[in-house]
Amino acid sequence: MKPLSGFRDLLPPDFARRHYITTQWRDVARRYGFVEFDGPMLESAELYQKKNSGGEILTQLYQFTDRGERVLALRPEMTPTLARMVAAHHRSFSKPLRWFNIGSSFRYERQQRGRWREFTQWNCDLLGEQSVAADAEIIGLLIDALRSFGLGPNDVVIRLSDRLAWQEFLQKHHVPFERMGEFLGIIDKMEREPREKTEEKLAAFDGLSFELLQEFLASPEVPILAPLLEELSARGLRDYVRPDLSIVRGLAYYTGIVFEAFALHGGLRAVAGGGRYDQLIEHLSDGAVSLPAVGFGMGDAVLLELLQLVPQAAKQEQSWMERHHPCDIYLVIAAQEHRPMAMAVAQQLRHEGWGVLFSLTPERVGKQFSAAEQTKARFAVVVGEEWPQVKVKNLSTREEVILPQEELNNWLNLKT
RNA sequence: GUGGCCGUAGCUCAAUGGUAGAGCUCCAGGUUGUGGUCCUGGCUGUUGCGGGUUCGAGUCCCGUCGGUCACCCCA
């Protein structure tokens with residue numbers, strides 16, 4: 001029996017890696033004053049089909065009908081759920097909201113490197129604030145998260161764009177606003193399609209040409225992004241960001257800045273993506289609530305690979321793992337008549353917060369030290385003929401001391 | 001959905017068409033209070049599945065299923 005394609009069994013070593021990632025995510029979010037929320041993984045499919053919500057993601061929906069004939073979908077992303085929740089409950093909270101979530105999302109697409117059908121995503125959103133400062137705050141959070149993993153400007157880059165720049169471009173060339181979506185689709189694919197194909201699609205737009213787009217894309221200054229870039233410079237984060245108007249993103253609901261964080265190793269895949277969506281909440285609430293919002297999602301799939309490709313990041317992860325072994329102390333029970341004393345010591349140490357292991361069945365002392373080695377415990381405590389004293393051995397330096405068992409806790413606290 | 005590559009032990013892989021193997025892992029030992037090495041032994045296979053060619057198929061052919069990578073798009 002195997003798990004479904006695109007789904008993963010997380011064995012303890014896999015789980016530990018994901019735990020490392022989610023721990024960093026939570027810590028950075030806390031430093032930015034974000035609070036955690038959660039919502040259902042299953043939603044009415046209608047939530048994603050509502051106007052201005054879905055985009056191409058609709059083709060990847062895990063959708064089915066339940067026993068009550070309701071059409072449901074596993075969430076393909078968190079933002080619609082968030083928008084729904086915020087629209088209903090925002091009056092209970094002072095603005096702006098800084099909310100984050102860590103959980104599974106599901107997309108029905110073919111599995112490949114860095115892409116799964118169920119993945120863990122970290123979602124951060126700042127709601128009720130439309131200033132550039134909010135954009136800078138959210139991008140700052142994204143960059144600091146990447147930095148917290150040991151990723152530098154040579155490992156990851158944030159390609160930053162603004163749909164308003166394209167909106168102005170279309171206005172200038174007298175293209176009606178209703179055709180914005182269609183136009184952004186062309187920009188989105190421009191990088192990946194042959195020039196002829198783009199030109200063919202562009203023919204439907206009077207007054208636009210391939211050269212015109214090229215020229216606009218190549219413009220060295222993007223005035224609309226200047227204030228944001230300035231603030232990021234002030235934060236010392238400018239090195240991570242590269243203005244790039246070719247980024248427009250597939251989701252339909254973005255209204256302002258849009259960005260994607262790309263890994264610069266192992267085949268350039270997006271680690272995170274997001275943008276401003278000032279109208280989504282209004283649309284989903286049928287006009288009842290209007291809140292500007294900006295946010296991003298970061299997935300675990302690419303991150304897990306990237307952390308192994310970047311030496312500094314891999315080293316940092318390794319060091320974290322070593323500091324978070326489940327076992328601090330391995331009790332060596334020298335002979336079975338000492339077992340009751342050992343159990344008392346184990347119970348006391350565990351009560352004091354130490355991770356303690358020992359052999360459940362009688363074993364030779366040598367075997368017990370081998371087992372201690374395997375658990376990667378830092379100390380072995382030998383309970384035996386010295387009682388009521390115990391012998392403590394530092395397993396990496398092989399130093400031994402004998403001390404009264406009631407002083408164990410203090411001694412260990414001093415040594416760790 | 002389209003295309004390439006690959007299916008042999010728990011894992012990584014080997015076996016010019018001629019008796020299915022190795023390393024690692026795991027388990028048990030190496031006699032009484034000290035380790036990662038080392039030594040000995042043990043477990044695990046419908047060679048993904050079905051058909052065909054052949055005296056004989058893990059190997060060649062056809063089909064099928066599964067995995068994987070890439071495209072599309074993106075976390």
Side-chain angles (χ1 to χ4, degrees), chain A residues 1-7 9 11 13 21 25 54-61 75-79 101-124 142 145 159 185 188-189 191-193 197 247-251 258-263 266-275 295-306 330-338 342 361-377 379-387 390-400 402:
Chain A
M1 291 289 285
K2 289 184 206 166
L4 292 170
S5 177
F7 290 74
D9 290 334
L11 299 171
I21 286 176
W25 283 345
E56 298 207 36
I57 216 170
L58 288 176
T59 64
Q60 304 178 335
L61 225 46
R75 67 182 181 212
E77 55 157 347
M78 197 62 193
T79 307
N101 170 257
I102 293 172
S104 286
S105 285
F106 304 83
R107 292 186 195 170
Y108 195 89
E109 62 180 325
R110 276 251 178 120
Q111 178 183 345
Q112 57 180 301
R113 192 182 175 85
R115 291 296 114 144
W116 302 319
R117 288 182 169 179
E118 177 184 11
F119 53 97
T120 302
Q121 200 183 56
W122 178 45
N123 227 262
C124 294
L142 170 56
R159 298 167 77 188
D188 191 29
K189 293 193 167 54
E191 214 177 32
R192 293 178 293 273
E193 285 181 344
K197 185 106 185 189
I247 297 290
V248 295
R249 296 183 59 72
L251 291 171
V258 285
F259 52 89
E260 286 178 2
F262 277 88
L268 289 172
R269 195 139 249 162
V271 183
F296 67 83
M298 183 183 295
D300 63 337
V302 173
L303 197 54
L304 282 167
E305 303 226 11
L306 187 57
Y330 197 97
L331 277 186
V332 174
I333 303 167
Q336 280 312 289
E337 62 265 30
H338 301 128
T361 53
E363 291 280 10
R364 292 199 320 276
V365 169
K367 284 281 183 199
Q368 295 187 62
F369 272 93
S370 293
E373 197 63 51
Q374 277 210 320
T375 67
K376 299 188 173 164
F379 298 99
V381 171
V382 183
V383 180
E385 61 198 14
E386 303 88 349
W387 191 263
V390 291
K391 193 184 279 183
V392 186
K393 182 168 187 175
N394 181 324
L395 287 170
S396 51
T397 65
R398 299 185 182 232
E399 292 168 324
E400 291 186 335
I402 294 181

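First the proteins, then the strands, lettered A, B, ... as listed; each starts at 1. Keep in mind that what you see is a predicted model, and the values were worked out from it rather than measured.
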So which one's nearest nucleotide on RNA chain B is more toward 5', A/Val383 or A/Glu363? A/Glu363
Under 4.0 Å between a side-chain N or O of A/Gln336 and OP1 or OP2 of B/rU32? no
Identify which nucleotide among B/rA75, B/rC73, B/rU34 has an atom closest to any side-chain atom of A/Val382, counting heavy atoms from C-beta outward. B/rU34
Residue list, side-chain hydrogen bond (donor to acceptor under 3.5 Å, both in side chains) with A/Glu191, at least two apart or on another chain: A/Arg159
A/Arg113 has its side chain closest, among B/rC26, B/rA75, B/rC69, to B/rC69
Under 4.0 Å from OP1 or OP2 of B/rA70: is there any side-chain N or O of A/Gln112 that close? yes
Could you work out the separation of B/rG36 and B/rU12 based on their P atoms and round it to a whole Å? 27 Å
Could I get the full list of side-chain contact (heavy atoms from CB on, under 4.5 Å) partners for A/Leu4, not counting sequence neighbours? A/Phe7
Between atom CG in A/Leu306 and atom P in B/rA75, what is the gap in whole Å? 16 Å
Whether the side chain of A/Gln111 and the base of B/rU68 hold a donor-acceptor pair under 3.5 Å is what I'd like checked. no
Compare the minimum distances between each of B/rG33, B/rC73, B/rA75 and the side chain of A/Ala334, then state the nucleotide with the smallest one. B/rG33
With pairs defined as Watson-Crick or G-U wobble and both distances under 3.5 angstrom, please note down RNA chain B as a dot-bracket string, | for pairing with another strand. (((((((..((((....[..)))).(((((.......))))).....(((((..]....))))))))))))....
P atoms of B/rG18 and B/rA57, separation to the nearest Å: 11 Å
Residues forming a ring pair (Phe, Tyr, Trp, His ring centres under 6.0 Å) with A/Tyr330, sequence neighbours excluded: none
Any base atoms under 4.0 Å from A/Val302, or only sugar-phosphate, or nothing? Heavy atoms, all strands. nothing
Protein-to-nucleotide contact annotation, 5' to 3' order, nucleotides 35-43 of chain B [B base; S sugar-phosphate only; - none; under 4.0 Å, heavy atom]: BB-------
Rounded to whole Å, CD of A/Glu385 lies from P of B/rU32 at a distance of 15 Å
Going by side-chain contact (heavy atoms from CB on, under 4.5 Å), name the residues that satisfy it together with A/Ser396, two or more places apart in sequence or in a different chain. A/Asn394
For B/rU59 and B/rU54, measure between their P atoms and round to the nearest Å. 16 Å
For a quick check of understanding: with a heavy-atom distance under 4.0 Å over all strands, which category does A/Trp116 fall into, base, sugar-phosphate or nothing? base
Could you check how far CD of A/Glu337 sits from C1' of B/rU32, rounded to whole Å? 11 Å
Sequence neighbours excluded, which residues qualify as side-chain contact (heavy atoms from CB on, under 4.5 Å) partners of A/Lys376? A/His325
I need the CD-P distance between A/Gln374 and B/rU25, as an integer number of Å. 10 Å
Compare side-chain N and O positions of A/Lys189 against OP1 and OP2 of B/rC73 and report whether any pair is under 4.0 Å apart. yes
Looking at every strand, decide which applies to A/Gly273 at a 4.0 Å heavy-atom threshold: base, sugar-phosphate, or nothing. sugar-phosphate
Is A/Glu386 side chain donor-acceptor paired with the B/rG33 base, going by distance under 3.5 Å alone? yes
d(A/Tyr108 OH, A/Ser5 OG) to nearest 0.5 Å is 8.0 Å
Nearest to side-chain heavy atoms of A/Arg110, which nucleotide of B/rG33, B/rG3, B/rC26: B/rG3
Spacing of the P atoms in B/rG58 and B/rA70 (rounded, Å): 34 Å
A/Phe296 and A/Trp122 aromatic ring geometry - parallel, tilted or perpendicular at 30°/60° bounds: perpendicular
Under 4.0 angstrom, heavy atoms only, what part of the nucleic acid is A/Asp188 near: base, sugar-phosphate, or nothing? sugar-phosphate
Span that lies between the P atom of B/rC60 and that of B/rA15, in whole angstrom: 12 Å
Would you say A/Arg107's side chain and A/Glu118's backbone share a donor-acceptor pair under 3.5 angstrom? no
Would you compute the distance between atom CG of A/Asn101 and atom CE of A/Met78 and round it to the nearest 0.5 angstrom? 4.0 Å
Verify the distance criterion only: is there a donor paired with an acceptor across the side chains of A/Gln121 and A/Arg75 at less than 3.5 Å? no
Under 4.0 Å: is that the gap between some side-chain N or O of A/Ser5 and OP1 or OP2 of B/rG66? no
Nearest whole angstrom, please: distance from the P of B/rA75 to the CD1 of A/Ile102. 17 Å
For A/Gln111, the side-chain hydrogen bond (donor to acceptor under 3.5 Å, both in side chains) test, sequence neighbours excluded, returns none
So if I take every side-chain heavy atom of A/Glu109 and compare against B/rU32, B/rA75, B/rC69, which nucleotide ends up nearest? B/rA75
Between B/rU19 and B/rU47, how many Å separate the two P atoms, rounded to a whole number? 15 Å
Pairwise C1' distance for B/rG66 and B/rG48, with rounding to whole Å: 7 Å
Distance check needed: B/rA28 P versus A/Arg364 CZ, whole Å only. 11 Å
Euclidean distance, atom CG of residue A/Leu251 to atom P of B/rC73 [Å, nearest integer]: 13 Å
Atom CG of A/Leu142 and atom C1' of B/rA75 are separated, to the nearest Å, by 12 Å
A/Gln336: partners by side-chain contact (heavy atoms from CB on, under 4.5 Å), with sequence neighbours left out: A/Ile333, A/Arg339, A/Pro362
Check: A/Arg269 side chain, B/rA75 base, donor-acceptor under 3.5 Å: no
P atom, B/rG23 versus B/rA14: distance in rounded Å? 16 Å
